[in-house]
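Predicted model only: the values in this text are computed from it and were never measured.
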Amino acid sequence: LLFKIEGDNRIVETVNFNPPFSDKLLFVYLGKKQKSSESIKRFNATAKFSDKEINRISEISHLLIKASNINEFNNLIEEHEEIMSQILNTKTVKSLLFSDLKGSVKSLGAWGGDFVMLSSESSKTDIEKYLKNKGYNTYFTFNELLVN
């Protein structure tokens, strides 16, 4: 789903997202459940952003869905994370937890919260070993989470 708020209206768009590199996407549980209500309060109190940043985030969201290869996808993830890092005045989750990953990391839910999406061209075996060495044992492939 894509969603945005325009004035008092919430716009929700259903999209088809099944990229050719879906086997390179993992969703990793970080074990740091955060209260969304607290994250929203913190965001509303401290976040500073412009219309330009909002528009770029929306554009990136649409481009991510259409990405034809993992390099394009990873570049978009990294740009999105950098913009959000600046807005929230915090470091990216990749720089904090996965700085040595050969790939990209996208925060999901509350920033720095319970799940991230890893996107990497590394083999499944290499990624599983990497995550285990980092102490992350709960993760799911894109296809394991896909609901038909």
Side-chain angles (χ1 to χ4, degrees), residues 1-5 10-47 49 53-148:
L1 296 175
L2 290 178
F3 62 91
K4 66 180 175 178
I5 298 173
R10 290 188 175 118
I11 300 169
V12 179
E13 178 184 354
T14 303
V15 296
N16 182 17
F17 180 70
N18 193 4
F21 48 87
S22 63
D23 61 324
K24 301 296 184 179
L25 304 179
L26 282 176
F27 297 86
V28 181
Y29 179 64
L30 300 178
K32 296 182 183 178
K33 180 65 182 148
Q34 294 185 359
K35 287 187 176 182
S36 295
S37 60
E38 293 299 319
S39 295
I40 291 168
K41 284 181 191 175
R42 187 172 54 253
F43 176 84
N44 288 333
T46 62
F49 51 90
E53 290 165 320
I54 292 170
N55 291 334
R56 183 58 184 156
I57 289 290
S58 293
E59 185 178 8
I60 290 170
S61 297
H62 284 92
L63 291 170
L64 281 168
I65 294 163
K66 297 175 185 175
S68 60
N69 63 66
I70 195 166
N71 290 327
E72 178 184 1
F73 189 78
N74 285 349
N75 289 336
L76 290 164
I77 286 175
E78 289 171 17
E79 183 181 356
H80 186 285
E81 288 290 285
E82 190 57 41
I83 292 169
M84 290 306 299
S85 174
Q86 292 171 11
I87 288 171
L88 297 170
N89 193 30
T90 189
K91 294 182 178 184
T92 65
V93 71
K94 181 175 180 180
S95 68
L96 292 171
L97 302 175
F98 302 99
S99 62
D100 56 345
L101 176 73
K102 293 176 183 164
S104 296
V105 182
K106 173 77 185 84
S107 295
L108 303 174
W111 187 270
D114 47 357
F115 273 90
V116 295
M117 179 181 64
L118 265 58
S119 174
S120 175
E121 291 190 74
S122 297
S123 72
K124 184 177 180 188
T125 303
D126 287 346
I127 288 293
E128 288 174 343
K129 185 177 178 181
Y130 173 84
L131 291 172
K132 184 177 181 179
N133 288 339
K134 291 272 188 187
Y136 300 109
N137 298 307
T138 304
Y139 51 87
F140 305 93
T141 67
F142 179 87
N143 289 329
E144 286 174 324
L145 294 181
L146 190 63
V147 177
N148 292 321

Checklist outcome for this item: When every non-hydrogen atom of Ser95 is compared with those of Lys91, the smallest separation belongs to OG-CB, 3.5 Å
Item to check | Ser119 OG to Asn74 CG distance, which is reported to the nearest 0.5 Å | outcome: 3.5 Å
Checklist entry - Are any side-chain N or O atoms of Lys102 and backbone N or O atoms of Ser120, one a donor and one an acceptor, separated by less than 3.5 Å? => result no
Item to check | Nearest heavy atoms of Thr92 and Glu81, plus distance in Å | outcome: CG2-O, 3.8 Å
Checklist entry - Is there a side-chain contact between Leu131 and Asn137 (heavy atoms, below 4.5 Å)? => result no
Checklist entry - Do NZ/NE/NH1/NH2 and the carboxylate oxygens of Arg56 and Glu79 come within less than 4.0 Å? => result yes
Checklist entry - Do Ile127 and Leu26 come within less than 4.5 Å of each other through their side chains, counting heavy atoms only? => result yes
Checklist entry - Do you know the tightest heavy-atom contact between Val15 and Leu1? => result CG2-N, 4.3 Å
Item to check | Nearest heavy atoms of Ser107 and Val116, plus distance in Å | outcome: CA-CG1, 4.2 Å
Item to check | Whether Ser85 side chain and Thr90 backbone form a donor-acceptor pair below 3.5 Å | outcome: yes
Checklist entry - So Lys106 and Leu108, side-chain contact (heavy atoms from CB on, under 4.5 Å) or not? Walk me through it. => result CA-CA 6 Å; Lys106 173 77 185 84; Leu108 303 174; 4.1 Å; yes
Checklist entry - If you measure from CD1 on Ile57 to CD1 on Ile87, what distance do you get to the nearest 0.5 Å? => result 5.5 Å
Next on the checklist: Before you tell me yes or no, could you show the steps for Leu64 and Leu76 under side-chain contact (heavy atoms from CB on, under 4.5 Å), namely the whole-Å CA-CA distance, both residues' side-chain angles and the distance that decides it to 0.1 Å?
Outcome noted: CA-CA 7 Å; Leu64 281 168; Leu76 290 164; 3.5 Å; yes
Next on the checklist: What's the separation between atom CG in Asn143 and atom CG in Asn18, rounded to the nearest 0.5 Å?
Outcome noted: 7.0 Å
Checklist outcome for this item: Paired with Val28, the side-chain contact (heavy atoms from CB on, under 4.5 Å) test is passed by just one of Phe115, Phe140, Tyr136, namely Tyr136
Checklist entry - Do the ring centers of Tyr139 and Phe27 come within less than 6.0 Å of each other? => result no
Item to check | Under-4.0 Å salt bridge between Asp100 and Lys94 | outcome: no
Item to check | Residues Leu118, Leu25; criterion side-chain contact (heavy atoms from CB on, under 4.5 Å); working and verdict | outcome: CA-CA 6 Å; Leu118 265 58; Leu25 304 179; over 6 Å; no
Next on the checklist: Could you check whether any side-chain N or O of Gln86 sits under 3.5 Å from a backbone N or O of Ile83, counting only pairs where one atom can act as donor and the other as acceptor?
Outcome noted: no
Next on the checklist: Looking at Asn75 and Asn71, would you say the former's side chain and the latter's main chain have a donor-acceptor pair under 3.5 Å?
Outcome noted: yes
Checklist entry - Phe17 vs Phe142 aromatic rings, parallel, tilted or perpendicular, using cut-offs 30° and 60°? => result perpendicular
Next on the checklist: Please find the pair of heavy atoms, one from Ser68 and one from Phe21, that lie closest to each other, and give the distance.
Outcome noted: C-CE2, 4.1 Å
Checklist entry - Taking atom CG of Leu101 and atom NZ of Lys134, what is their separation to the nearest 0.5 Å? => result 8.5 Å
Item to check | Residues Ile77, Met117; criterion side-chain contact (heavy atoms from CB on, under 4.5 Å); working and verdict | outcome: CA-CA 10 Å; Ile77 286 175; Met117 179 181 64; 3.6 Å; yes
Checklist outcome for this item: Value for CG (Asn69) from NZ (Lys24), rounded to nearest 0.5 Å, stands at 13.0 Å
Checklist entry - How long is the gap from CG on Asn89 to CE on Met84, to the nearest 0.5 Å? => result 12.0 Å
